[in-house]
2 protein chains.
Amino acid sequence: MAVKLKDELKAAGRRLTRPRQAVLEVLEQCQYPLTASELYQQLQEHHVSIDLVTVYRTLTVLKELGLITQLELHQEGQFRYEIREGREHHHHIRCQGCGKIADLLLCPLKKLTAFIEKETRFIVEHHSLEFSGWCPKCQ
Amino acid sequence: MAVKLKDELKAAGRRLTRPRQAVLEVLEQCQYPLTASELYQQLQEHHVSIDLVTVYRTLTVLKELGLITQLELHQEGQFRYEIREGREHHHHIRCQGCGKIADLLLCPLKKLTAFIEKETRFIVEHHSLEFSGWCPKCQ
DNA sequence: TTCTCAACTGCAAGAGAGTTGCAAAAAGAA
DNA sequence: TTCTTTTTGCAACTCTCTTGCAGTTGAGAA
């Protein structure tokens, strides 16, 4: 991934830096999408000293390069980020008790998107589909 | 609606006040979900003087009473509110150009919810499904 | 109608997520 | 190593939403 990161950055006239590598590494190793401040905490735990502002700016860059995806879970009121590499388009479910987030490796919206485009005459570019409820432990 | 509002408030040990009526009236007349500050602006345009803090508190109360629904549109980063009375469960599409929001009077998720519950062993309580794209004028 | 008191409101201040400006630091090409 | 340009850290700021508190008001009781 580090090589890919360097190439993508170079192609966009940008530089490979320690913060950018570190942010991408944390996201690569994490099994669920992180908020900016969770990411910042994890970096501190790994003794990587990066300002929170730099985390935000780095996330913006990685998003622009298409290496990560920005998403919002149901009623959380903040953004989360996850790595894109090697992952199919998918959705999430979040536990209202413990906050656990699980992937849903499905998307039933292809046909629906075509239908919506026909009905509304919008051109659909994105959709977000997130579930919330109670995980087995919190039920 | 005013009668219903009064009854609901009374049942919850709360009072019918001018701000609560005014907020509900604006939401009733609006064809799309409003943010707190849009609501505040519309109230000012109608020469109803209510503090923004009161708007937020009123929205919380109306939500608790089940008279309005709180929702988040794709990547907007703030909440919107819409009246619930007489409206089926539905979703939205928002134009990335002009911000226009249209209702989608459909929900394809009943079967999917059952499937997700079986697969993940979560109990699903809510879902959010929002689309964004380009409306006919902005294409 | 007036009284009474808990519920409500407005103001000021604060919390949390995310952004911007700027000077200092560092990447990387020459 | 030097030089130019990008990037970073710090401070300060914006925006959405919340909290504390003193003064106001709705509505049941007298």
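Every chain is numbered from 1, with letters handed out A, B, ... down the list of sequences. Computed from a prediction, not measured in an experiment: that's the story for all the values here.
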Participant: Nearest whole Å is fine: how far is D/dC17 C1' from A/Gln75 CD?
Facilitator: 14 Å

Participant: Can you tell me how far C1' of D/dG9 sits from CG of A/Leu43, to the nearest Å?
Facilitator: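 About 15 Å, once rounded to whole Å.
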
Participant: If you look only at distance, which donor and acceptor atoms sit under 3.5 Å apart when one is on a side chain in residues 121-133 of chain A and the other is two or more places apart or in another chain?
Facilitator:
unit_1	atom_1	unit_2	atom_2	d
A/Glu125	OE1	B/Trp134	NE1	2.6
A/His127	NE2	A/His89	NE2	3.0
A/His127	NE2	A/His91	NE2	3.3
A/Glu130	OE1	A/His92	N	3.1
A/Glu130	OE1	A/His92	ND1	3.3

Participant: Taking CD from A/Gln21 and P from C/dA27, how many angstroms apart are they, rounded to a whole number?
Facilitator: 10 Å

Participant: For nucleotides 10-20 of chain C, give me one character per nucleotide, 5' to 3': B if any protein heavy atom sits under 4.0 Å from the base, S if the only such contacts are to the sugar-phosphate, - if neither.
Facilitator: BBB----SBBB

Participant: How many whole angstroms separate atom CZ of B/Arg18 from atom P of D/dA27?
Facilitator: 13 Å

Participant: Among the candidates C/dC8, D/dT8, C/dA29, find the nucleotide nearest to the side-chain atoms of A/Lys10.
Facilitator: C/dA29

Participant: Return yes if some donor-acceptor pair links the side-chain N/O of A/Thr54 with the main-chain N/O of A/Ile50 below 3.5 Å, else return no.
Facilitator: no

Participant: Is the shortest side-chain N/O distance from B/Thr17 to OP1 or OP2 of C/dT9 below 4.0 Å?
Facilitator: yes

Participant: State whether A/Arg20 and A/Glu8 are salt-bridged, where the test is any N-O pair (Lys NZ or Arg NE/NH1/NH2 against Asp/Glu carboxylate O) under 4.0 Å.
Facilitator: no

Participant: Quick one: do B/Glu76 and A/Glu72 satisfy side-chain contact (heavy atoms from CB on, under 4.5 Å)? Show the steps, please.
Facilitator: CA-CA 9 Å; B/Glu76 259 202 332; A/Glu72 284 172 290; 5.7 Å; no

Participant: For A/Glu72 and D/dT16, what is the distance between atoms CD and C1' respectively, to the nearest whole Å?
Facilitator: 13 Å

Participant: Could you check how far CG of B/Leu59 sits from P of C/dC8, rounded to whole Å?
Facilitator: 15 Å

Participant: Given atom CZ of B/Arg14 and atom C1' of D/dG26, what is their separation to the nearest angstrom?
Facilitator: 14 Å

Participant: Is the shortest heavy-atom distance from the side chain of B/Arg80 to the side chain of B/Ile101 under 4.5 Å?
Facilitator: yes

Participant: Quickly work out the B/Arg15 CZ to C/dA6 P distance and round it to whole Å.
Facilitator: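 My rounded result for the distance is 9 Å.
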
Participant: Taking side chain to side chain donor-acceptor pair (under 3.5 Å) as the test, write out the residues that go with B/Arg87, two or more places apart.
Facilitator: B/Glu82, B/Asp103

